[in-house]
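Numbering of ligands and ligand atoms starts at 1, following listing order.
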Amino acid sequence: MKTLIAANWKMHKTRAEARRTAQAVADGAPRGTDRSLIVFPPFTAVAEVAAVFAGREGLAVGGQDVYPAEKGAFTGEISPAMLADAGATWVLTGHSERRRVLGESDALVGRKTAFALDAGLNVMLCIGETLEEREAGTLEEVLRRQLREGLAGVAADAAATRAAVAYEPVWAIGTGKVAGCAEVLEAHALTRRLLAEILGPAADAVPLLYGGSVKPDNAAALLALDNVNGLLIGGASLEAESFLRIAEAR
Ligand code: 13P
C-alpha cells in the first residue's frame, strides 16, 4: 500500500498563493517513491493546483467537501462532477470542522461518501472523537458509529480501491497537542477492526491516515506505527517546505 501524505489547506490561500505553494510542492516532491501526495485546497484553487500537478505521478488534488447530488438547487454546494472537472481526483468527507462547525450529521457524511465514490472520486472519510467522548470512555462507540454511517451504502470493492479513512481526534486538531503514539496505535488498530466488521476482508486494503497537529518532527514516529498508512496535515501543510519535510519523514 502506498503511503498517503495529504495536505488540508482548509480556508487558506488565494489562487496565486495556492499556485505558488503547489509549484514548490511539485518541485520538491520526492519522485519514484512509495508515497503519494494529495493537496486539498479550497474550491477556488482546485483547478490551479491541478494545473500545476498535471502529468506528475504521485501528486493529486482533492476537494474539501462535496454535495451528494449531480446538480440542482443547492446554493453554495459543489458536485463530484464539478470537482472532477476542476481536476480533483479525491474528496474529503466528514471532516470534524464540517461536522462541528457546519453541523453535518453522520447520515449526511454517509450520503456524501457513497455518492462521491459512485461518481468515481477517491474519498477520504474523516472520523474522530472529541475530548469529552474520549474521557467518557466512548471512543469505540463513536468510531463505530462514524464508520458504519459514513460507509453505509458503500460497496466493499469500492472502499478497497478508492476509499481512505483519516482518524483525526478532534482534541488534537490545530491544538499543537498530537495524540501520543500509544493512543494513535490503539485508535488505528480499533479503526482497522471496526472497518473489518463493516467491509470484511476488504478492510485491509483501506489506507488509514492520522491527522492532528502533525509536524515535521513527529511525522516519522507516527508513520512508523502499525496501521498508520499516511498523514493528513493542516497547519504544517500550508508551507511547502514543512509539508515536504513531512512527506520525506522516515
Ligand atoms: P492540524 O494539522 O492543523 O492540527 O489540522 C489537522 C486537520 O484537521 C487536517 O485535516
Considering only heavy atoms of Gly234, which atoms of ligand 1 have at least one such atom less than 4.0 Å away? 1 (P), 2 (O), 3 (O), 5 (O), 6 (C), 9 (C)
Mark the output for Gly174 as yes if a heavy-atom distance to ligand 1 is under 4.0 Å, and as no if none is. yes
Taking every heavy atom of Glu168 against every heavy atom of Cys126, the minimum-distance pair comes out as OE1-SG, 4.4 Å
Checking side-chain polar atoms at under 3.5 Å, does Lys215 have a donor or acceptor matched by the opposite partner on Ser242? no
Note: ligand 1 atoms sitting under 4.0 Å from heavy atoms of Ala172 are 4 (O)
Return yes or no for this condition: an N or O of Gly212 is under 3.5 Å from an N or O of ligand 1. no
Trp171-Glu129 side chain donor-acceptor pair, cut-off 3.5 Å: yes
His95 heavy atoms within 4.0 Å reach ligand 1 at atoms 7 (C), 8 (O), 9 (C), 10 (O)
Audit row: Arg56, Asp27, salt bridge (charged side-chain N to carboxylate O under 4.0 Å, His left out) steps and yes/no: CA-CA 10 Å; Arg56 276 289 303 274; Asp27 290 345; 5.7 Å; no
Closest non-hydrogen contact found for Asp204 with Met1 is O-CE, 3.3 Å
So, does Ser96 sit close enough to ligand 1 that a heavy atom of it is under 4.0 Å from the ligand? no
Evaluate whether atom CZ of Arg31 has more than 12 neighbouring non-hydrogen atoms of other residues, nucleotides or ligands under 6.0 angstrom away. no
Below a 4.0 angstrom heavy-atom separation, can you tell me which part of Ile173, side chain or backbone, both or neither, approaches ligand 1? both
If you measure every N or O of Thr175 against every N or O of ligand 1, does any of those distances drop under 3.5 Å? no
Aromatic ring pairing His188/Tyr167, orientation class (parallel under 30°, perpendicular over 60°, tilted between): perpendicular
May I ask you to identify, for Ser237, whether its side chain, its backbone, both or neither come under 4.0 Å of ligand 1 on a heavy-atom basis? neither
Go through Arg148 and Glu197 one step at a time and tell me if the salt bridge (charged side-chain N to carboxylate O under 4.0 Å, His left out) criterion holds. CA-CA 9 Å; Arg148 276 200 186 282; Glu197 282 178 13; 3.4 Å; yes
Protein heavy-atom partner closest to atom 5 (O) of ligand 1 - residue, atom, separation in Å: Lys10 NZ, 3.3 Å
Looking at ligand 1, would Lys215 count as a contact under a 4.0 Å heavy-atom criterion? no
Under 4.0 Å from any heavy atom of Leu232, which atoms of ligand 1 are there? 9 (C), 10 (O)
Run the side-chain contact (heavy atoms from CB on, under 4.5 Å) test against Phe115 and tell me which residues pass, sequence neighbours left out. Pro68, Glu70, Pro80
Hydrophobic cluster mates of Leu232, side-chain heavy atoms under 4.5 angstrom, ILVMFWY only, any path? Leu4, Ile38, Phe40, Trp90, Leu92, Met124, Leu209
For atom 3 (O) of ligand 1, what is the nearest protein heavy atom, given as residue, atom name and distance? Gly235 N, 2.8 Å
Can you find a non-hydrogen atom of Ala236 under 4.0 Å from ligand 1? no
What residue and atom, counting heavy atoms only, is the protein's closest point to atom 7 (C) of ligand 1, and at what distance? Glu168 OE2, 3.1 Å
